[in-house]
Amino acid sequence: MGDTFIRHIALLGFEKRFAPSQHYVYMFLVKWQDLSEKVVYRKFTEIYEFHKTLKEMFPIEAGEIHLENRVIPHLPAPRWFDGQRATESRQGTLTEYFNALMGLPIKISRCPHLLDFFKVRPDDLKLPSDSQVKKPETYLIAKDAKNNVADITGPIILQTYRAIADYEKSSRTEMTVATGDVVDVVEKGESGWWFCQMKTKRGWVPASYLEPLDSPDEAEDPDPNYAGEPYVTIKAYTAVEEDEVSLLEGEAIEVIHKLLDGWWVIRKGDVTGYFPSMYLQKAGEEITQAQRQIRGRGAPPRRSTIRNAQSIHQRSQKRLSQDAYRRNSVRFLQQHRRPARPGPQSAQGTKNNPSTQHSKAQPAVPPRPSADLILHRCTESTKRKLASAL
């Protein structure tokens with residue numbers, strides 16, 4: 001069997017999604033060497049990070065040493081407002097970019113970095129449902145490859161947040177913010193890392209360092225789901241705070257509250273506590289992509305660990321304590337595990353079950369005895385009187 005490689009990458013269009021916040025993803029048709037064709041969805045922030053890593057892997061071909069040696073194509077950075085207009089106009093650039101990549105020497109066009117980026121992920125197979133907020137909107141490239149400006153509705157308005165404390169970036173993909181800085185959030189990741197823009201800067205910032213300008217951030221968190229959602233730990237974590245949980249890699253747990261800062265409340269037996277969502281993967285799904293994300297960026301800091309946090313909101317909704325999570329979780333489990341009590345609706349089942357017909361419990365109103373039973377229990381003298389009466 002020959003080596004795995006990509007024969008062609010075609011941009012089909014883009015999709016406008018509304019959960020967990022409004023954002024855009026590009027649709028690519030990837031044709032592999034075995035003649036299979038797969039459709040994958042990638043955000044532009046992912047594509048741009050892929051491009052930057054590719055340049056680091058091949059500094060000569062990226063022109064880092066001598067500019068005249070550059071063969072890796074250019075890719076513009078995300079814009080100030082990456083709305084629908086920017087997403088639409090960028091399609092031609094992406095088409096040219098990947099066509100140029102596929103024409104480069106094999107060491108680049110067939111490198112593991114490129115192959116891994118376009119491998120099918122679980123999110124590519126399980127598309128967002130329309131039951132969350134709104135059904136995704138799909139925009140396909142016209143066959144003549146010409147953009148119709150009349151069909152563009154205009155850029156979206158990004159959500160504005162404020163930094164509550166100073167944060168110093170620890171990698172090239174992150175962004176440094178100071179207390180009071182106002183940023184626009186382009187993408188909210190479930191990991192607790194949000195992609196933000198501020199003037200000419202852009203990068204990932206921990207959600208725990210940000211608060212909305214118009215309302216407390218706790219109001220944005222979804223409600224707890226005490227039924228629990230099965231997940232598996234893909235990296236071990238040792239608790240630092242009292243309300244956190246220590247787990248080994250490969251343990252099965254249940255997520256009962258997905259908080260936006262990337263620290264989810266999980267349940268392991270009767271124990272509940274915080275655990276970084278980056279170290280979790282849905283049960284039964286491929287963990288390769290999730291593990292790759294961990295290598296690129298660790299778990300974000302928790303709000304409780306931030307010193308000198310300065311909020312502009314006088315009052316904010318307090319998050320549930322672990323005692324409240326435990327009480328609600330135990331109550332939910334007891335209600336759903338407790339056997340149903342016999343009642344009027346289960347009378348038919350009792351009638352058909354011999355083991356329950358002779359229960360010691362007596363009904364509140366005893367059944368009226370029949371006339372034959374009364375006559376059988378009476379004396380002969382009384383029988384004649386009752387027989388005439390009955």
Side-chain angles (χ1 to χ4, degrees), residues 20-23 45 157-224 235 237-247 255-266 272-280 293-294 296-326 328:
S21 62
Q22 186 166 290
H23 64 284
T45 51
I157 299 177
L158 302 178
Q159 291 180 295
T160 304
Y161 281 73
R162 173 188 173 275
I164 63 171
D166 297 342
Y167 176 74
E168 185 69 27
K169 69 177 183 179
S170 57
S171 70
R172 58 180 179 79
T173 61
E174 298 176 19
M175 183 173 73
T176 298
V177 293
T179 305
D181 281 349
V182 176
V183 301
D184 291 303
V185 177
V186 178
E187 175 188 333
K188 292 182 178 180
E190 282 191 337
S191 63
W193 289 99
W194 292 0
F195 193 81
C196 303
Q197 296 181 155
M198 183 179 63
K199 297 182 180 179
T200 59
K201 299 193 301 181
R202 54 184 62 83
W204 298 95
V205 178
S208 54
Y209 276 76
L210 303 175
E211 66 176 0
L213 294 179
D214 53 353
S215 62
D217 57 346
E218 286 81 3
E220 297 183 317
D221 290 324
D223 294 329
K235 183 178 180 180
Y237 175 76
T238 302
V240 178
E241 305 292 331
E242 293 182 357
D243 54 1
E244 298 175 358
V245 180
S246 298
L247 293 173
V255 175
I256 62 176
H257 202 179
K258 296 181 177 181
L259 301 173
L260 292 180
D261 64 359
W263 284 86
W264 292 354
V265 181
I266 61 99
T272 64
Y274 289 107
F275 196 84
S277 63
M278 287 191 70
Y279 300 163
L280 297 172
Q293 185 181 21
I294 294 175
R297 190 179 301 110
R302 287 184 56 191
R303 174 67 63 87
S304 60
T305 64
I306 302 175
R307 297 182 179 180
N308 303 323
Q310 301 176 9
S311 173
I312 61 175
H313 302 294
Q314 295 181 352
R315 290 189 301 175
S316 61
Q317 295 183 358
K318 294 184 178 179
R319 289 186 172 177
L320 293 175
S321 66
Q322 286 305 313
D323 288 337
Y325 280 120
R326 293 188 188 98
N328 294 336

So which atom in Val265 and which in Tyr274 form the shortest heavy-atom distance, rounded to 0.1 Å?
CG2-CE2, 3.7 Å
Which pair of non-hydrogen atoms, one from Pro300 and one from Pro206, has the smallest distance, and what is that distance?
CB-CB, 4.1 Å
Rounded distance (nearest 0.5 Å) linking atom CD1 of Ile164 with atom OG1 of Thr179
8.5 Å
Could you give the distance from CG (Leu210) to CZ (Arg303), rounded to the nearest 0.5 Å?
8.0 Å
Applying side chain to side chain contact (heavy atoms under 4.5 Å, CB included), can you list everything that pairs with Arg307, at least two apart in sequence or on another chain?
none
Measure the CZ-OG1 distance between Phe195 and Thr45 for me, rounded to the nearest 0.5 Å.
6.0 Å
Rounded to the nearest 0.5 Å, what separates atom CG in Asp181 from atom CE in Met175?
8.0 Å
Do Leu247 and Tyr279 have side-chain heavy atoms sitting under 4.5 Å apart?
no
Positive for side chain to side chain donor-acceptor pair (under 3.5 Å) with Glu174, one of Trp193, Trp204, Tyr167
Tyr167
Among Pro301, Pro276, Ser304, which residue meets the side chain to side chain contact (heavy atoms under 4.5 Å, CB included) test with Trp263?
Pro276
Is the side chain of His313 donor-acceptor paired with the backbone N or O of Pro212 at a distance under 3.5 Å, no angle test?
yes
Test: Asp243 and Arg302 ion pair at under 4.0 Å
yes
Pairwise distance CG(Asp223) to NZ(Lys258) - rounded to 0.5 angstrom:
13.5 Å
Main chain of Asp261, side chain of Ser208: is a donor-acceptor contact present, judged purely on distance under 3.5 Å?
no
For residues Tyr325 and Thr272, report the shortest heavy-atom separation together with the two atoms involved.
CB-OG1, 4.0 Å
Do the two ring centres, one from Trp264 and one from Tyr237, sit under 6.0 Å apart?
no
Just so I know, are the side chains of Val205 and Trp194 near enough to count as touching, which here means a heavy-atom distance under 4.5 Å?
no
If we ignore hydrogens and angles and just use 3.5 Å, is the side chain of Ser246 paired with the main-chain N or O of Ala239 as donor and acceptor?
yes
Hey, could you give me the CG/CD distance between Asp166 and Gln310, rounded to the nearest 0.5 Å?
8.5 Å
Is there a side-chain contact between Cys196 and Lys201 in this structure, where contact means two heavy atoms from C-beta onward sitting under 4.5 Å apart?
no
Check the pair Glu211 / Ser311 against side chain to side chain donor-acceptor pair (under 3.5 Å), numbers first and verdict last.
CA-CA 8 Å; Glu211 66 176 0; Ser311 173; 2.7 Å; yes
Non-neighbouring partners of Asn328 that pass side chain to side chain contact (heavy atoms under 4.5 Å, CB included), sequence neighbours left out
Tyr226, Arg331
Give me the atom names and distance for the closest heavy-atom approach of Glu190 to Ser277.
O-OG, 2.9 Å
